[in-house]
Amino acid sequence: MPGIQPRTGPNPRHSKTKIALAAIALADAEGMASVSIRTVAAKIGAAPASLYRYLDSHEELSGLMVEQISAEYELESHTGSAAHQLLGLATQGLRIMRRHPWTPGLAMGKHATGPNTLAYLERGLTALDGSGLDAGAKLRCLAMLNAMTTAFALNEQEQQQPRIQRHCSRNWKQAATRTCQLRWPKRQRL
């Protein structure tokens with residue numbers, strides 16, 4: 001393909017899937033703060049610098065993690081109303097976020113789309129067939145569904161934290177809200 005440089009050197013000993021699974025295991029056990037190129041490399045028995053043969057950054061590693069857990073969705077069922085199908089996707093997403101409590105922190109970020117995230121997106125769009133919505137409105141609907149599911153999971157997590165941690169979490173949310181307001185100002189009424 002034009003513009004893509006092939007990587008040189010010895011044949012790879014690891015795979016992106018293996019790296020993502022190691023990162024997920026670390027995040028599940030110790031939280032997302034424990035996931036770094038160095039700790040993932042140690043988990044798979046590799047030198048930290050060698051992981052850069054497989055990925056370019058921690059951001060790419062996070063994207064691989066999101067892609068890998070997206071495989072946990074059961075996407076085969078196409079029965080029921082659009083609302084019923086979307087509720088099923090949201091419920092599955094919440095279960096995934098409960099299994100991997102670090103997920104809500106990554107779910108709202110921008111990540112490269114892979115086969116599993118594309119399959120989820122396609123499933124959501126299929127649920128909205130016949131809704132009369134155009135493609136853009138369908139995508140916004142799925143984005144809002146994901147945002148609400150993530151907010152629900154974060155709220156559950158906050159309720160389970162000790163009181164002092166909840167206070168810190170609220171301060172973080174206030175800072176995040178201010179950041180969002182700076183990035184996306186409210187529409188002015190005409």
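Small disclaimer: the values here were computed from a predicted structure and weren't measured.
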So which heavy atom on [X] is nearest to which on [Y], and how close?
X: P101; Y: Q157; value: O-NE2, 2.8 Å
X: A127; Y: L86; value: CB-CD2, 4.0 Å
X: R13; Y: K18; value: O-NZ, 4.4 Å
X: L128; Y: S131; value: O-OG, 2.7 Å
X: M97; Y: P104; value: SD-CG, 3.9 Å

Do [X] and [Y] touch side chain to side chain, with heavy atoms closer than 4.5 Å?
X: N146; Y: L89; result: no
X: L121; Y: T113; result: no
X: T149; Y: T91; result: no
X: E60; Y: K16; result: yes
X: H100; Y: M65; result: no
X: Q159; Y: N155; result: yes
X: I44; Y: L51; result: yes
X: L55; Y: I37; result: yes

Measure the SG-CG distance between C141 and L133 for me, rounded to the nearest 0.5 Å.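 Separation between the atoms: 6.5 Å.
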What is the distance from atom OG of S70 to atom CD1 of I96, rounded to the nearest 0.5 Å?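 It is 7.0 Å, given to the nearest 0.5 Å.
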So, does H58 use its side chain to make a donor-acceptor pair with the main chain of V35 at under 3.5 Å?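 Indeed, once roles are kept as given, a pair shorter than 3.5 Å links the two residues.
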Linked, directly or transitively: [X] and [Y] (ILVMFWY side chains, under 4.5 Å):
X: V66; Y: L21; value: no
X: L142; Y: F152; value: no
X: L145; Y: L87; value: no
X: L94; Y: W102; value: no
X: L26; Y: M32; value: yes

Tell me if the CZ atom of R38 is crowded by more than 12 foreign heavy atoms within 6.0 Å.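 Not buried by this count: 12 neighbours or fewer within 6.0 Å.
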Once the angle between the rings of Y54 and H14 is folded into 0 to 90°, is it parallel (under 30°), tilted (30 to 60°) or perpendicular (over 60°)?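 Taking H14 first and then Y54, their aromatic rings stand perpendicular (interplane angle over 60°).
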Applying side chain to side chain donor-acceptor pair (under 3.5 Å) as the test, list every pair that has at least one member in residues 80-89; sequence neighbours left out.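 Listed by first then second residue: Q85-R123.
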What residue among D28, L106, I24 forms side chain to side chain contact (heavy atoms under 4.5 Å, CB included) with I69?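 Result for side chain to side chain contact (heavy atoms under 4.5 Å, CB included) with I69: I24.
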Strictly by salt bridge (charged side-chain N to carboxylate O under 4.0 Å, His left out), give each pair with a member in residues 61-89 just once, sequence neighbours left out.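 Applying salt bridge (charged side-chain N to carboxylate O under 4.0 Å, His left out) to every pair that reaches into residues 61-89, excluding sequence neighbours, yields E72-R99.
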